[in-house]
Enquirer: 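Before we start, here is the structure in question, set down as structure tokens.
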Amino acid sequence: MKFAYYPGCSGKGTSVEYEISTKAVCSALGIYLQELADWSCCGSTPAHATDTLLSAALSARNLSLAAEAMKQSGATKLATPCPSCLANLKTARHHMANQEFRRKVDKLLDSPCPPLGPKGEEPLPETYSILQLLVEDYGLENIAAKVTRPLKGLKIAPYYGCLLSRPAPIMQFDDPENPTSMDRLLEALGAEVVPFPLKTECCGAAMGIPRRDITARLSARLLDAATTFGADMIAVACPLCHMNLDLRQEQAAKASGVSYDMPVLYFTQLMGIALGLPDSDLALDKLSVSPAAALQKIGKEISA
Amino acid sequence: MRIGVFICHCGSNIAGTVDCAQVAKNATAFPDVAFATDTMYACSEPGQDAIVAAVKEHHLDGVVVASCTPRMHEPTFRRTVERAGLNRYMFEMANIREHVSWIGKDKEANTNKATELVRMAVEKLRRDAPLYTKKFDSVKKVLVIGGGVAGIQAALDCADAGIQVVMVERETSIGGKMAKLDKTFPTVDCSSCILGPKMVDVAQHPNIKLLAASEVTNVSGYVGNFTVSIKRRATYVDWSKCTGCGLCTEKCPSKKTPDKFNEFMGPTTAINIPFPQAIPKKAAINPDYCRKIKDGKCGVCAKVCPTGAINYEMQDEVITEQVGAIVAASGYDLMDWTVYGEYGAGRYPDVITSLQYERLLSAAGPTGGHIQRPSDGKEPKSVVFIQCVGSRDRSIGRPYCSGFCCMYTAKQAVLTKDHIPDSQSYVFYMDIRAPGKMYDEFTRRAMEEYGTEYIRGRVSCIQPNGRGQYLVRGVDTLMGKPVEVLADLVVLAVGVEGAKGAGKLAETLHISYDHYGFFMESHCKLRPVETNTAGVFLAGACQGAKDIPSSVAQGSGAAAKVIGLLSKPQLESDPQISVVDIKRCVGCGKCVDVCPFQAITKQSIRGEVKAQVIEAVCQGCGLCVATCPQGAIQLSHFTDNQILAEVNALCQC
Amino acid sequence: MDSINLRARDEAFIREVEKESGQNISTCYQCGNCTAGCPCGPVYDLQVNQIMRAIQLGDKKTVLEAASPWLCVSCSTCSARCPNDIDVARVMDTVRHIGRREGKTKYVINAFWDSFLQTVRFCGRSYELGIMALFMLRTGRFYTDLDLAPRMLPKKKMPYLPHLIRGKAAVSRIFKRFNDMQQYDD
């Protein structure tokens with residue numbers, strides 16, 4: 001399996017553990033991720049909050065690069081671990097179906113996007129989340145077959161965030177109210193998934209810097225629920241969610257007046273543990289809240 | 001031929017945008033027109049008298065009235081020309097109101113178009129021939145499909161009028177949804193106390209034959225003479241022997257059978273009688289859960305039955321009934337609310353439907369009338385009611401209002417306070433729709449006397465809080481703020497749709513139904529209990545969401561129509577039917593295949609196969625005419641020649 | 001408080017919002033579901049359904065002066081649950097776009113977004129330390145997230161230097177053309 005790969009800016013910084021574990025897990029499963037040469041930022045929330053056209057153009061540059069790279073390499077799909085990048089890349093492609101919009105985007109670019117085919121075929125590739133590709137393309141049975149250290153006894157709250165499956169008409173993934181892909185993946189790893197009703201509740205997204213009160217309040221709600229439902233840890237698939245729940249956990253605690261000690265791991269880190277990958281591939285030391293105590297449940301020792 | 005033309009002003013409805021005098025003047029130039037005039041209201045008594053007088057004075061053979069839609073007044077004017085001594089089919093109508101004056105403002109263009117429509121009508125009338133109805137006998141018996149309160153009312157009214165009634169009920173007892181209700185609004189009287197006696201009347205009425213656990217599978221024939229096939233489902237209990245003593249249900253070891261009557265709020269036994277007041281009060285076995293039928297091991301009920309009524313070998317049976325009329329009263333069901341993922345899609349045990357809540361309130365229900373929530377049997381102190389779940393929601397394809405949810409929600413809130421005085425109820429609503437007699441007063445009482453908290457806004461989601469309660473996240477749009485309530489129990493006022501299988505029943509009855517399984521009435525205002533199939537009538541919620549008073553009223557309305565129909569000594573057939581030209585017919589049978597009413601048969605005439613129209617069955621739809629490759633079938637009063645003449649008239653204008 | 005002037009309905013504004021968002025605002029029947037599910041409702045000055053109502057009334061001033069559209073986190077919960085299938089999140093996005101074009105932005109949040117985009121414009125990718133520095137300069141909020149620094153810096157989760165990509169000039173030109181186009185449109 002070979003996918004073109006768009007890491008997203010946070011993968012090189014604040015979510016470096018997501019990036020390291022994603023690459024390691026894919027490599028262990030025999031999935032080849034071909035990173036786009038010279039990819040640029042999708043613009044994230046600031047771009048689409050500023051203007052739809054600007055946002056689409058920043059994404060379109062990358063989609064054009066991907067189209068070219070995939071033609072050369074034979075990669076079948078474009079993958080990204082980051083739901084925010086995913087949403088922007090998918091939304092841009094969605095809007096580009098409108099010819100008038102496409103022409104305006106082209107005017108912002110150095111060279112126009114590859115034009116639609118004679119029957120209206122879209123040459124720009126659709127983007128998929130790493131989670132979707134692992135669950136739907138690689139398959140849970142195949143993943144389960146490679147598990148060497150089952151996460152038996154580990155109670156995990158699966159947290160998807162709001163972007164992975166919304167807006168449903170564009171994201172076209174899982175159930176927008178009750179997604180279960182990550183649940184099933186974690187179960188395939190042997191973990192016990194707690195029924196987490198706040199799966200798709202917003203964590204506060206990018207408001208952390210300008211309005212910390214918002215993220216603290218919303219993240220506290222999620223941490224409260226995970227604690228109440230008896231989770232040992234939260235599994236996430238989004239760098240922003242991770243930052244708000246892990247790095248900003250103390251800020252949330254201040255807002256709610258409750259102290260938390262809730263490890264928050266990327267699902268790829270949990271996959272790496274279950275697949276028996278070396279610690280250097282898991283980057284657990286990058287987490288703010290140490291998962292050491294929780295991981296003792298499955299006999300995994302890490303230096304706190 | 002001498003034709004008279006009358007151009008109606010309809011007050012200013014037509015005359016406002018059509019020069020009626022000019023249209024009349026133009027009409028005098030058309031072939032065979034001997035007289036043309038304009039008139040203020042053609043349908044009024046002086047208007048009709050003027051037509052009668054003109055027929056006599058000008059020795060007219062036929063009349064054209066240019067006015068409104070024939071749907072309303074064609075029968076009126078046919079009677080008028082009959083009074084003037086003409087055959088009623090020597091009359092044509094041009095619709096210059098709905099088709100002209102109401103849809104355009106350009107007076108000149110309208111006047112021209114009205115003239116053209118009149119010219120078409122004249123050309124058709126020139127080719128009309130007198131037609132005569134035939135008389136035939138009808139069966140003085142009515143089939144009532146569905147034993148809910150609407151069907152019961154229709155059946156009792158017909159039976160009291162001396163008409164034989166066959167009532168077919170799908171479940172093992174009649175009573176329908178009303179039998180499941182605890183109390184009824186706005187009087188809060190006991191539902192089974194007011195319905196029970198009527199159910200008993202059905203069982204005891206000498207003119208009513210009750211077929212429970214039965215379904216209509218086929219209907220053929222025509223108004224006055226329908227032949228109905230009814231499948232009687234095997235109940236594995238010989239009802240002629242069963243006394244309803246209930247011993248079998250006490251001893252049955254299969255105690256985890258889903259209880260449909262109790263809306264699955266608790267289990268029942270594989271052999272059971274759905275509720276104490278069931279009519280007929282007979283036991284029936286659910287074969288999917290009976291150990292004897294499934295595995296051959298058990299047979300306890302047969303051993304304990306004092307009358308030897310159990311018969312594990314019983315088979316379905318089909319019987320046939322002849323009836324003159326049919327009343328469809330198949331009712332409603334709740335829509336599948338599990339499309340609402342934000343309300344848990346059925347995953348949360350204490351988020352239930354309003355009908356399930358009725359069973360929790362009912363003294364005859366699974367909890368003996370004590371409100372206990374399903375998850376842990378605890379008495380809820382905080383109950384949240386959410387209205388419009390599956391109503392007025394385009395995003396899930398349910399744009400309509402289900403009508404009676406506002407009222408039963410108020411009732412349930414009142415009853416909750418009665419059952420649990422220290423409880424608090426919250427109702428999330430968008431609008432309170434309480435237009436019936438004493439209805440609004442009742443919702444006010446729920447708020448003012450029972451302290452029900454009404455919150456104006458929809459609920460976005462329900463989330464279990466992990467401590468046995470549910471966080472209901474709504475909004476108070478009047479305050480412009482989000483609202484969060486912790487609930488022990490959440491009751492959803494789920495929207496209604498036509499009963500399960502309603503579409504199939506409609507097709508069996510040859511009547512129309514809408515996207516939501518509701519049957520189509522013939523006219524939304526003026527023919528609300530009739531369908532477009534003669535002899536088939538509607539009662540209750542099968543036609544649209546309806547509360548009990550409306551259902552009962554419509555049941556009586558349908559009964560009145562049946563009584564009126566079957567009290568005539570003989571029925572008259574409509575002569576606007578298909579006629580086969582035997583010389584042209586090659587007996588290919590295509591017309592037989594396309595006829596939706598089974599009105600055409602193949603007959604051997606002098607050794608040759610020919611199509612033959614059963615006059616009383618043909619509804620004059622014209623499908624066979626369009627299908628016949630030989631052009632051997634013509635529709636009387638709408639012949640090819642007449643339609644071509646109309647087209648020609650239009651093209652020559 | 002002023003009463004609502006129903007005759008001052010700004011039709012052009014309604015059309016502008018409808019065209020840019022692709023949504024039919026008149027289908028909103030004010031059930032409030034968007035507000036009920038909005039994670040930011042408690043910090044809004046005007047609730048989502050009130051923004052929708054103000055658009056229906058053509059009350060451009062109220063809409064553009066509200067802080068709420070700038071606090072919206074674009075989680076799309078409102079859109080997912082709207083009984084009338086209105087993509088409310090897109091309407092909120094559109095209100096921001098119009099507000100920005102008309103110079104009515106909410107300073108702190110917009111300062112963050114501008115800082116973010118500025119680093120993208122010059123580096124081709126976002127540069128977190130740069131965003132923080134620019135944001136502090138713009139807002140004077142020098143204490144922002146200082147509590148997080150001891151957690152992030154030792155873990156090397158915030159690179160000191162930006163990732164400068166080869167195509168950074170190409171990305172920069174996208175921004176330049178966009179700004180030129182906006183001025184031309186004005």
Side-chain angles (χ1 to χ4, degrees), chain A residues 9-10 12-17 37-41 43-54 57-58 61 65 87 104 107-110 161-163 166-169 176-177 200-214 217-218 221 247-248 250-251 285-288, chain C residues 20 39-40 42-43 70-77 79-81 87 89-90 93-94 96-97 100 108-109 111-117 119-120 123-128 131-132 135 139 144-145 147-148 151-152 155-159 163 165-168 170-171 173-175 177-178 181-182:
Chain A
C9 301
S10 58
K12 304 297 176 188
T14 48
S15 69
V16 65
E17 62 269 56
D38 208 40
W39 59 269
S40 52
C41 177
S44 193
T45 305
H48 82 68
T50 297
D51 194 275
T52 314
L53 212 52
L54 175 67
L58 291 172
R61 177 179 182 271
L65 289 177
K104 284 187 184 166
K107 278 190 194 159
L108 296 183
L109 299 170
D110 279 358
C162 43
L163 286 175
R166 287 179 189 162
E177 291 293 349
T200 59
E201 279 294 314
C202 181
C203 64
M207 285 293 162
I209 294 173
R211 284 295 296 264
R212 158 190 299 202
D213 56 320
I214 299 178
R217 186 180 170 278
L218 296 176
R221 205 168 189 147
L247 184 66
R248 295 182 185 275
E250 260 179 34
Q251 295 177 352
D285 56 328
K286 301 281 183 190
L287 301 172
S288 290
Chain C
E20 285 195 34
C40 300
V43 297
W70 304 90
L71 297 171
C72 162
V73 289
S74 303
C75 70
S76 286
T77 306
S79 309
R81 295 179 187 157
D87 189 344
R90 247 194 114 186
D93 233 5
T94 303
R96 287 191 286 249
H97 301 164
R100 193 184 170 82
V108 175
I109 289 130
F112 169 66
W113 290 339
D114 281 348
S115 305
F116 183 101
L117 293 177
T119 66
V120 177
C123 311
R125 290 184 194 161
S126 64
Y127 167 43
E128 281 137 346
I131 298 169
M132 295 302 291
F135 177 71
T139 58
T144 305
D145 277 340
D147 54 328
L148 299 181
R151 290 171 174 275
M152 297 193 76
K155 290 184 189 288
K156 293 181 184 152
K157 289 182 84 170
M158 249 200 191
H163 295 275
I165 64 167
R166 271 189 288 123
K168 62 180 189 298
V171 174
R173 284 193 290 273
I174 293 176
F175 281 94
R177 291 188 195 104
F178 174 70
M181 186 183 75
Q182 294 246 299

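Keep in mind that the numbers below use all heavy atoms, side chains included, and drop hydrogens, waters and symmetry copies. Chain identifiers are assigned alphabetically (A, B, ...) following the order of the sequence lines, protein sequences preceding nucleic acid strands; residue numbering begins at 1 within each chain.
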Enquirer: Quick one: which of A:C202, A:A206, A:A205 has the most heavy-atom pairs under 4.5 Å with chain C, could you say?
Expert: A:C202
Enquirer: To the closest 0.5 Å, what do you measure between CE (C:M132) and CD1 (A:I209)?
Expert: 4.5 Å
Enquirer: Relative to chain C, which segment of A:P176 carries a heavy atom at a distance below 4.5 Å: side chain, backbone, both, or neither?
Expert: neither
Enquirer: What residue, out of A:K107, A:K104, A:R217, A:E201, has the most heavy-atom pairs lying under 4.5 Å from chain C?
Expert: A:R217
Enquirer: I'd like to verify something: which residue of A:T45, A:L163, A:L54 has the highest number of heavy-atom pairs under 4.5 Å with chain C?
Expert: A:L54
Enquirer: Spell out, as yes or no, whether a donor-acceptor pair under 3.5 Å connects the side chain of C:H97 to the backbone of A:H48.
Expert: yes
Enquirer: Could you look at C:F178 and say if it's the side chain, the backbone, both or neither that has a heavy atom under 4.5 Å from chain A?
Expert: both
Enquirer: Could you give the distance from NZ (A:K286) to NZ (C:K157), rounded to the nearest 0.5 Å?
Expert: 8.0 Å
Enquirer: What part of A:L218 lies closer than 4.5 angstrom to a heavy atom of chain C: side chain, backbone, both or neither?
Expert: side chain
Enquirer: Output, in order, the C-alpha distance, side-chain angles, deciding distance and verdict of side chain to side chain contact (heavy atoms under 4.5 Å, CB included) for A:R212 and C:D145.
Expert: CA-CA 9 Å; A:R212 158 190 299 202; C:D145 277 340; 2.9 Å; yes
Enquirer: Checking heavy atoms, do the side chain of A:I214, its backbone, both or neither come under 4.5 Å from chain C?
Expert: side chain
Enquirer: Count the heavy-atom pairs under 4.5 Å between each of A:V16, A:L109, A:T50 and chain C, then report the option with the highest count.
Expert: A:T50
Enquirer: Any chance you could measure C:R173, atom CZ, to A:R61, atom CZ, to the nearest 0.5 Å?
Expert: 9.5 Å
Enquirer: Using non-hydrogen atoms only, which part of C:P39 is less than 4.5 Å away from chain A: side chain, backbone, both, or neither?
Expert: both
Enquirer: Check A:S40 against C:R125 and note the closest heavy-atom contact, atom names and distance.
Expert: CA-CG, 4.2 Å
Enquirer: Show the nearest heavy-atom pair for residues C:F135 and A:P210, with the distance to one decimal.
Expert: CZ-CA, 4.0 Å
Enquirer: Tell me, out of C:V171, C:T144, C:L117, who's got the most heavy-atom pairs with chain A below 4.5 Å.
Expert: C:L117
Enquirer: Any chance you could measure C:K155, atom NZ, to A:S288, atom OG, to the nearest 0.5 Å?
Expert: 6.0 Å
Enquirer: Roughly how far, to the nearest 0.5 Å, is the SG atom of C:C40 from the CE atom of A:M207?
Expert: 6.5 Å
Enquirer: Given a strict heavy-atom distance threshold of 4.5 Å, which part of C:V120 is in contact with chain A: side chain, backbone, both, or neither?
Expert: side chain
Enquirer: Is C:C123 in contact with chain A via its backbone, its side chain, both, or neither, using a 4.5 Å heavy-atom distance?
Expert: neither
Enquirer: Taking the basic N atoms (NZ, or NE/NH1/NH2) and the acidic carboxylate oxygens, is any pair closer than 4.0 Å for A:D285 and C:K156?
Expert: no
Enquirer: At a heavy-atom separation under 4.5 Å, does C:S74 approach chain A through its side chain, its backbone, both, or neither?
Expert: both
Enquirer: Looking only at heavy atoms and a cut-off of under 4.5 Å, which of C:E20, C:H163, C:M158, C:K168 has the most pairs with chain A?
Expert: C:H163
Enquirer: List the atom of C:R177, the atom of A:L108, and the distance in Å for their closest heavy-atom pair.
Expert: NH1-O, 2.6 Å
Enquirer: Please classify the contact of C:D147 with chain A as side chain, backbone, both or neither, using a heavy-atom distance under 4.5 Å.
Expert: side chain
Enquirer: Side chains of C:E128 and A:K12: closer than 4.5 Å at any heavy-atom pair?
Expert: no
Enquirer: Look at C:I109, C:D87, C:T139, C:T94 and state which one has the largest set of heavy-atom pairs under 4.5 Å with chain A.
Expert: C:I109
Enquirer: Quick one: does C:F116's side chain get under 4.5 Å of A:C41's, heavy atoms only?
Expert: yes
Enquirer: With a 4.5 angstrom heavy-atom cut-off, could you sort out which part of A:L65 is near chain C: side chain, backbone, both or neither?
Expert: neither
Enquirer: Between C:I174, C:T119, C:V43, which shows the greatest number of heavy-atom pairs under 4.5 Å with chain A?
Expert: C:I174
Enquirer: Could you tell me the separation between the CD atom of A:E250 and the CZ atom of C:R151, rounded to the nearest 0.5 Å?
Expert: 4.0 Å
Enquirer: So what's closer than 4.5 Å to chain C heavy atoms on A:A57: side chain, backbone, both or neither?
Expert: both
Enquirer: Are the side chains of C:Q182 and A:D51 in touch, meaning some heavy atoms are under 4.5 Å apart?
Expert: yes
Enquirer: Check whether C:R100 gets within reach of chain A through its side chain, its backbone, both or neither, counting any heavy atom under 4.5 Å.
Expert: side chain
